[in-house]
Protein chains: 2
Amino acid sequence: MGATKTEHFTDYQNQIAILAKALGHPARVAIIEYLMKVDTCICGDIVNELPLAQPTVSQHLKELKNAGLIKGSIEGNAICYCIDEKSLTKLQGYFANISDSLEKKKNNCC
Amino acid sequence: MGATKTEHFTDYQNQIAILAKALGHPARVAIIEYLMKVDTCICGDIVNELPLAQPTVSQHLKELKNAGLIKGSIEGNAICYCIDEKSLTKLQGYFANISDSLEKKKNNCC
DNA sequence: AATCTTTATCGTAATATTGCAATATAATTA
DNA sequence: TAATTATATTGCAATATTACGATAAAGATT
């Protein structure tokens with residue numbers, strides 16, 4: 001016990017959960033917001049932007065990358081990270097749908 | 001060490017992270033989707049809908065409630081859970097903003 | 001080639017999450 | 001009021017996450 005029972009849920013549910021989980025830490029939210037702020041993706045200074053040690057930031061970047069929220073490409077001896085549009089579009093669509101449905105229902109509830 | 005360094009991030013970043021984290025498990029995504037599916041919030045059968053034991057479901061419901069994604073009101077000896085619109089609207093707005101910004105930038109990146 | 005810069009990985013400690021059996025609580029019904 | 005029904009809490013084992021120092025890897029600079 002202790003591990004998530006992934007196999008009992010739909011692919012879609014798991015995908016949303018993976019994306020949401022990746023954003024389930026303020027440091028990772030901050031990373032996404034920083035990547036939004038800087039137009040280009042000439043990065044490398046993400047570590048300086050965050051109040052965390054370099055290995056910790058590296059680990060958070062890895063998690064965002066594994067979830068598909070960002071992508072990184074090698075740029076000399078640095079690495080250039082940027083947002084992966086597809087995943088954020090997916091989340092946007094998911095919550096837009098829910099909001100739409102809630103509005104239609106007029107929240108006839110509680 | 002081991003605990004999240006919440007205090008180093010903004011309130012908004014923490015709020016988004018808390019909401020996202022709550023959705024960071026497929027069971028909790030499934031619960032939200034079930035609450036969307038059934039119009040009313042006369043619940044009590046959430047446990048039967050999920051492939052998890054009753055205490056586990058109860059725990060997931062508690063986490064969704066703590067994050068502010070659902071609310072529960074006592075209805076006889078059962079408890080009536082339903083979606084808390086405010087939090088989902090917040091998430092919807094957050095991702096809509098990001099998507100808008102990404103589109104404006106035309107993703108000049110990588 | 002030696003050094004610097006940048007990022008990743010390893011190892012490890014602290015803490016959190018997941019899941020469930022057993023049990024408790026509280027309203028309902030018989 | 002005793003049994004039933006619905007949900008919560010407790011306690012615990014298994015696993016995952018968070019954070020960071022130390023170190024490795026790999027391209028850039030001198």
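What you see is a predicted model, and the numbers here were worked out from it, not measured in a lab. Convention: sequence-line order gives letters A, B, ...; per-chain numbering from 1.
- Each of A:Glu75 and A:Pro51 lies near DNA chain D, and the nucleotide nearest A:Pro51 is the one positioned closer to the 5' end.
- Rounded to whole Å, the distance from CG on A:Asn77 to C1' on D:dG27 is 5 Å.
- Residues forming a side chain to side chain contact (heavy atoms under 4.5 Å, CB included) with A:Glu75 (at least two apart in sequence, or on another chain): A:Ser73, A:Cys80.
- Applying a 4.0 Å cut-off to non-hydrogen atoms, the residues of residues 9-27 of chain B that approach DNA chain C are B:Lys21, B:His25, listed by residue number.
- In this structure, B:Asn48 places its CG atom 9 Å from P of D:dT7, rounding to the nearest Å.
- Contact annotation: the side chain of A:Tyr12 approaches that of B:Glu33 to within less than 4.5 Å [non-hydrogen atoms, C-beta and beyond].
- Taking atom NZ of B:Lys5 as the reference point, atom P of C:dA13 lies 18 Å away to the nearest angstrom.
- Counting non-hydrogen atoms of neighbouring residues, nucleotides and ligands closer than 6.0 angstrom, the CG atom of B:Asp11 reaches no more than 12 such neighbours.
- Side-chain atoms of A:Phe9 and B:Val29, non-hydrogen and from C-beta on, never get closer than 4.5 Å to each other.
- A side-chain donor-acceptor contact under 3.5 Å links A:Ser101 to the backbone of A:Asn97.
- When rounded to the nearest whole Å, the span between CD1 of A:Ile46 and C1' of C:dT6 equals 12 Å.
- For the pair A:Asp45 and A:Tyr34, the minimum side-chain heavy-atom distance is below 4.5 Å.
- The side chain of A:Ala3 lies closest to D:dA16 when the candidates are C:dT15, D:dA16, D:dA19.
- In this structure, A:Ile98 is a member of the same hydrophobic cluster as A:Leu88, with clusters built from ILVMFWY side-chain heavy atoms closer than 4.5 Å.
- Summarising the geometry, the separation between CG on B:Leu52 and P on C:dA21 is reported as 11 Å, rounded to the nearest angstrom.
- The distance between atom NE2 of A:His60 and atom P of C:dT7, rounded to the nearest whole Å, is 16 Å.
- Contact between B:Pro51 and A:His8 at its shortest, heavy atoms only, is CG-CB, 3.3 Å.
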Nucleotides 8-12 of chain D: which of its N/O atoms have a protein N/O under 3.5 Å away?
unit_1 : atom_1 : unit_2  : atom_2 : d
D:dA8  : OP1    : B:Tyr81 : OH     : 2.5
D:dA8  : OP2    : B:Ser58 : OG     : 3.0
D:dA8  : N7     : B:Gln54 : NE2    : 2.7
D:dA8  : N6     : B:Gln54 : OE1    : 2.8

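- Within the 4.5 Å cutoff, the side chain of B:Ile46 has heavy atoms near those of the B:Val57 side chain.
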